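Here's the structure we're looking at; comments come further down.
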There are 4 protein chains.
Amino acid sequence: MEASKTDKRSAILTAALEIFAENGFHNSPTSLIAQKAEVGTGTIYRYFESKDDLIEALHQDLEQKIHSVLLNNVPENAPIRERFIRIHANILNFLINNPFEFKFLEQYFNSPFGIEKKREKASGCDSPLALLFCEGIQQQIIKDLPEPVLFALSFGPVIFLVRDHIQGSFNLTEDIMLTTLSASWDAVKR
Amino acid sequence: MEASKTDKRSAILTAALEIFAENGFHNSPTSLIAQKAEVGTGTIYRYFESKDDLIEALHQDLEQKIHSVLLNNVPENAPIRERFIRIHANILNFLINNPFEFKFLEQYFNSPFGIEKKREKASGCDSPLALLFCEGIQQQIIKDLPEPVLFALSFGPVIFLVRDHIQGSFNLTEDIMLTTLSASWDAVKR
Amino acid sequence: MEASKTDKRSAILTAALEIFAENGFHNSPTSLIAQKAEVGTGTIYRYFESKDDLIEALHQDLEQKIHSVLLNNVPENAPIRERFIRIHANILNFLINNPFEFKFLEQYFNSPFGIEKKREKASGCDSPLALLFCEGIQQQIIKDLPEPVLFALSFGPVIFLVRDHIQGSFNLTEDIMLTTLSASWDAVKR
Amino acid sequence: MEASKTDKRSAILTAALEIFAENGFHNSPTSLIAQKAEVGTGTIYRYFESKDDLIEALHQDLEQKIHSVLLNNVPENAPIRERFIRIHANILNFLINNPFEFKFLEQYFNSPFGIEKKREKASGCDSPLALLFCEGIQQQIIKDLPEPVLFALSFGPVIFLVRDHIQGSFNLTEDIMLTTLSASWDAVKR
DNA sequence: TATGAATGAGCATTCATTCAT
DNA sequence: AATGAATGAATGCTCATTCAT
């Protein structure tokens, strides 16, 4: 009748996510995380080597979650523009509906953690988005620009909008979302 | 023949900027900042009320620096497109040539500090960029979208590119820069 | 076989009492207290919210100790004079045998802590001593003076003597003690 | 037309007295004292070797002030009782009218400073009060008790009353003052 | 396996004192 | 003589991590 092994691990992850998102990594004592997860302080260290390791694990989890959301309702044979918009809408919706996750990621990528991670990746010509860009370039539908540039053009605006929306300085409606993605498309299309 | 009164203050600011950029706010002991600035620990507190106050001052300084750079070589009567590209190029160049400043700002805007600041501003229909958008919309050259959206479309990509460049995952040449800004313009133009 | 839960708390209290008494509140680093109590610095903060809180707790403890000593061997139906002398002898003996406690209290009542406490109390017509005075006044055995005056007349000398004795400038024998309390009685009796 | 040498010294002493009385020795930065005295921080160290030295000097000043007040209106040939009451009234009035001085002394005598001083003195059979006691004992008007005991009996109540009055927990009228001193006399008289 | 009491290194901040001007 | 900017030792408190139970 006890919680299963994985239950505690994920209880810790869930608690940590929320607390990190709200307080920042450095204002989130492990003791507080343990408390919210309803486990002992020491228990965290049975599942994670250190606080840093916990943060890393959280990031991995999120990366996978996003990956799994990316291609929802993206028919392989749909036109490139449609797929482009669909993919970005997927991410945008995910982030808006999961503000803790968004805040966590923003912090993560602005910390020594994220910096490292990015350096490791670098040449990630493997993501669905990268593939889409390749395809579009070959078909001469998308501008022949380096992948990071296309990524910046299409993804940068998404992040900015989500940030504004979550901070409450701007209300992102379904309508505006689609118009924006459409404009984003104008940037990358030929 | 000694350092002038302001010298110490700016030595502290310079040292702090660099250390904050490299280690993050929370891994930057005031003692380390003092050491790098070649002043006593206590001296920091003659010029700044607290570490937070130092961070704030640094932000104010940067804000002004950026503001002063924004309109370089932007002839008032130039076409909107040209002014748009010029302004973004100014910021982009500034950030690329001042990586410490960029890293500091990234952190700042992902911390309680930046959040607060943003909330205060919010309705910033006063920046040169906002004015340019207004003008463009009136002249039916720029899409009739809310200012935050236009801002996201044009500014988001810039930030992403600078980040990549500074992290070393991508080398941003003058050429690519201009092509990117041109694509950015495609996103906001009618 | 290890120390019980309360052991550490009281080890801290004991160490703190002694160090405060000898060095004063402000010359008693928490680190020194921890060292003497043979616990880690941080441990103090598991039992007390702050150094101030520790001081407060120490005072509460002492107040109770004194209260429990006050009425030793004070038969309820003994003559008022006898009870008066007995009570004062009890306190006097307690203070002389517990010089750390005495020095602590002297400091406490000359600090913001003590001042506050006194203001809260003020109308303490509840102590055994106050009751004794009331009774004595009614029976026209004790002068009809305000309670603070009677308190000053009987308690002031006690404190002065203890101070002298503990400072070593005067040796308080059992004999002198009783003579003094008898003289003190002369001051309050009709 | 500049302040004379002594002016600065006494400005510092006056400022220090007030600040010490209000904030305690340890919450009274020398910089604050200097500010209130309208001198530079460093100037304090031209007149006093250290903060401790300043405290010591303040005490010496006060001791002398009290000494000079002690024998006001005390006719040498008046009866012992009258002189006893007069002397105590003098001190009591001085302390009540000079609360800063009182608070300073209370602190002083409960700090390492005061403790030392007392140990040095010890056998002070030289004060006017001590002489009065000697005389009274010889004339068999005052109880034959050691001087510290007589001192405690007569002086202890005075201090307690002043403390209550200054703390505001009790209003000491001229009337009560005299009644109290009269009761105090009952304690020491044969 | 899970716990949480204990630890102590680490940090922001204060302030007595010095010394160049 | 007077100043006050500069100093850095000292201190209260936090929190990641360990380990005995």
Side-chain angles (χ1 to χ4, degrees), chain A residues 2-3 5 8 25-35 38-54, chain B residues 1-3 5 7-9 12 25-35 37-54, chain C residues 1-5 7-9 12 25-35 37-54, chain D residues 2-5 8 25-35 38-54:
Chain A
E2 257 304 292
K5 200 167 178 177
K8 285 207 171 169
F25 294 154
H26 288 280
N27 290 315
S28 302
T30 49
S31 59
L32 185 61
I33 294 170
Q35 194 179 41
E38 293 182 325
V39 302
T41 339
T43 306
I44 291 180
Y45 291 83
R46 297 205 71 76
Y47 294 96
F48 306 95
E49 280 193 3
S50 64
K51 192 182 177 184
D52 284 6
D53 186 42
L54 168 57
Chain B
M1 203 54 70
E2 253 305 288
K5 202 167 181 180
D7 267 9
K8 252 162 220 217
R9 195 188 129 99
I12 292 168
F25 296 153
H26 288 280
N27 289 314
S28 302
T30 49
S31 59
L32 186 61
I33 295 170
Q35 195 177 40
E38 293 183 320
V39 301
T41 342
T43 306
I44 292 179
Y45 293 84
R46 289 201 69 72
Y47 295 96
F48 307 95
E49 281 194 2
S50 63
K51 194 181 175 183
D52 284 8
D53 186 42
L54 169 58
Chain C
M1 204 57 68
E2 251 308 289
S4 88
K5 203 168 180 179
D7 266 11
K8 251 161 219 218
R9 195 187 129 99
I12 292 167
F25 296 154
H26 288 280
N27 288 316
S28 303
T30 50
S31 59
L32 186 61
I33 295 172
Q35 195 178 38
E38 293 183 319
V39 302
T41 340
T43 307
I44 291 179
Y45 293 85
R46 289 202 68 72
Y47 293 97
F48 307 96
E49 282 194 1
S50 64
K51 194 182 177 183
D52 284 8
D53 186 42
L54 169 56
Chain D
E2 256 304 292
S4 89
K5 202 169 182 179
K8 283 208 173 171
F25 295 155
H26 288 281
N27 289 316
S28 302
T30 49
S31 58
L32 185 61
I33 294 171
Q35 195 179 41
E38 293 182 322
V39 301
T41 339
T43 306
I44 290 180
Y45 290 84
R46 297 205 71 75
Y47 293 97
F48 307 96
E49 281 194 2
S50 66
K51 193 182 178 184
D52 285 6
D53 186 42
L54 168 58

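Here is the naming used below: chain letters follow the sequence lines, and residue numbers restart at 1 for every chain. The shown structure was predicted, so the numbers you read here are calculated from the model rather than taken from an experiment. Computation of the quantities below employed the complete heavy-atom set of this structure, encompassing side-chain atoms and omitting hydrogens, waters and symmetry-equivalent molecules.
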Rounded distance (Å) that lies between atom [atom2] of [N] and atom [atom1] of [X]:
X       : N      : atom1 : atom2 : result
D/Arg46 : F/dG4  : CZ    : C1'   : 14 Å
C/Arg9  : E/dA5  : CZ    : P     : 15 Å
D/Gln35 : F/dT3  : CD    : P     : 13 Å
B/Glu38 : F/dG8  : CD    : P     : 12 Å
A/Ile44 : F/dA16 : CD1   : P     : 9 Å

*Using Watson-Crick and G-U wobble pairs whose two distances are both under 3.5 Å, how do you write the pairing of DNA chain E as dot-bracket, with | for links to another strand?*
.||||||||||||||||||||
_Could you work out, with ring-ring contact (aromatic ring centres under 6.0 Å, His included) as the rule, every residue matching B/Phe25, not counting sequence neighbours?_
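Once residues adjacent in sequence are excluded, the partners of B/Phe25 under the ring-ring contact (aromatic ring centres under 6.0 Å, His included) criterion are B/Phe20, B/Phe104, B/Phe113.
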_Nearest 0.5 angstrom please: D/Thr43 OG1 to D/Arg46 CZ, how far?_
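Result: 8.0 Å between the selected atoms.
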*Short side-chain N/O contact from A/Tyr47 to OP1 or OP2 of E/dA2, under 4.0 Å*: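 True: A/Tyr47 side-chain N/O within range (under 4.0 Å) of E/dA2 OP1/OP2.
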*Can a side chain N or O of B/Lys8 be found less than 4.0 Å away from OP1 or OP2 on F/dT7?*
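Result: yes.
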*Base versus backbone protein contacts along nucleotides 12-18 of chain E [heavy-atom cut-off under 4.0 Å; B, S, -]*: BBBSBBB
*asked:* Quick one, C/Asn27 with D/His26, criterion side chain to side chain contact (heavy atoms under 4.5 Å, CB included). Give me CA distance, side-chain angles, the key distance, then yes/no.
replied: CA-CA 9 Å; C/Asn27 288 316; D/His26 288 281; 4.1 Å; yes
_Nearest heavy-atom neighbours spanning D/Asp53 and D/Phe48_ =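 Closest approach of D/Asp53 to D/Phe48: OD2-CA, 3.5 Å.
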*Of all the heavy-atom pairs spanning B/Thr41 and B/Ala34, show the shortest one and how long it is.*
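Closest approach of B/Thr41 to B/Ala34, heavy atoms only: CA-CB, 3.8 Å.
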*When you get a sec, tell me which of F/dT7, F/dA5, E/dA5 is the closest nucleotide to the side chain of B/Val39?*
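For B/Val39, the side-chain atoms sit closest to F/dT7.
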*Got a donor-acceptor contact below 3.5 angstrom from the B/Lys8 side chain to the B/Tyr47 backbone?*
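Not at all, since once roles are kept as given, no pair shorter than 3.5 Å links the two residues.
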*List the steps, then state whether side chain to side chain contact (heavy atoms under 4.5 Å, CB included) holds for D/Leu54 with D/Ile33.*
CA-CA 11 Å; D/Leu54 168 58; D/Ile33 294 171; 4.3 Å; yes
